[in-house]
Amino acid sequence: MAKVSIIEREKKRRKTVAKHAKKHAELKKIIADRGASAEERWQAQLQLQRLPRNASPVRLRSRCALTGRGRGVYRKFGLGRNKLREAAMRGDVPGLVKASW
């Protein structure tokens, strides 16, 4: 189980990313637009830098929904490898069976 403070920090980051997502996307679009003037692109870059650091989606970490574990998390299920294995053994995940050969 991950520390509660780490899990709460991640929740706070997700809120910040969601809050600034629209503005962040608009600025990134202006910066990538080759048709815009250099001055417009420069101003967009400066505004992007003024946004909070945690407003960038790159800073998000995928975590297990049950334990908060940050490594070994399957995106498709949102669970860490250990909890996914337990859920598969119980039969909670339809279509997922343990491999054996």
Notebook entry, point to check: Who passes side chain to side chain contact (heavy atoms under 4.5 Å, CB included) against Lys11, sequence neighbours left out?
Noted result: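 Testing Lys11 for side chain to side chain contact (heavy atoms under 4.5 Å, CB included), a comparison that skips the adjacent residues, returns Ile7, Glu8.
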Next item on the list: With sequence neighbours excluded, tell me which residues meet side chain to side chain contact (heavy atoms under 4.5 Å, CB included) with Lys3.
Entry: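 Once residues adjacent in sequence are excluded, the partners of Lys3 under the side chain to side chain contact (heavy atoms under 4.5 Å, CB included) criterion are Ser5, Ile6.
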Notebook entry, point to check: Counting distance only, does the side-chain N/O of Arg69 pair as donor-acceptor with the main-chain N or O of Arg71 below 3.5 Å?
Noted result: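 Side chain of Arg69 to backbone of Arg71, a donor-acceptor pair under 3.5 Å: yes, one is there.
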Notebook entry, point to check: Do the side chain of Arg61 and the main chain of Gly70 share a donor and acceptor less than 3.5 angstrom apart?
Noted result: yes
For [X] against [Y], the heavy-atom pair lying closest together:
X     : Y     : result
Ala36 : Ile30 : CB-O, 4.3 Å
Ile31 : Ala44 : CG1-CB, 3.8 Å
His20 : Pro52 : NE2-CG, 3.6 Å
His24 : Leu48 : CD2-CD1, 3.5 Å
Gly68 : Ala2  : O-CB, 3.4 Å

Out of curiosity, [X] [atom1] to [Y] [atom2], how far, rounded to the nearest 0.5 Å?
X     : Y     : atom1 : atom2 : value
Leu66 : Asn82 : CG    : CG    : 11.0 Å
Met89 : Leu96 : CE    : CG    : 10.0 Å
Tyr74 : Arg85 : OH    : CZ    : 11.0 Å

Note to self: Between Glu86 and Lys83 (salt bridge meaning N to carboxylate O under 4.0 Å), is one present in this structure?
What the structure shows: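 Here Glu86 pairs with Lys83 in a salt bridge, since their nearest N and O are under 4.0 Å apart.
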Notebook entry, point to check: Do Leu27 and Trp42 belong to the same hydrophobic cluster, where Ile, Leu, Val, Met, Phe, Trp and Tyr are linked whenever their side-chain heavy atoms lie under 4.5 Å apart, directly or via other members?
Noted result: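 No.
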Checklist line | Selection residues 32-60 - residue pairs positive for salt bridge (charged side-chain N to carboxylate O under 4.0 Å, His left out), sequence neighbours left out | finding: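 The answer is none; no pair qualifies.
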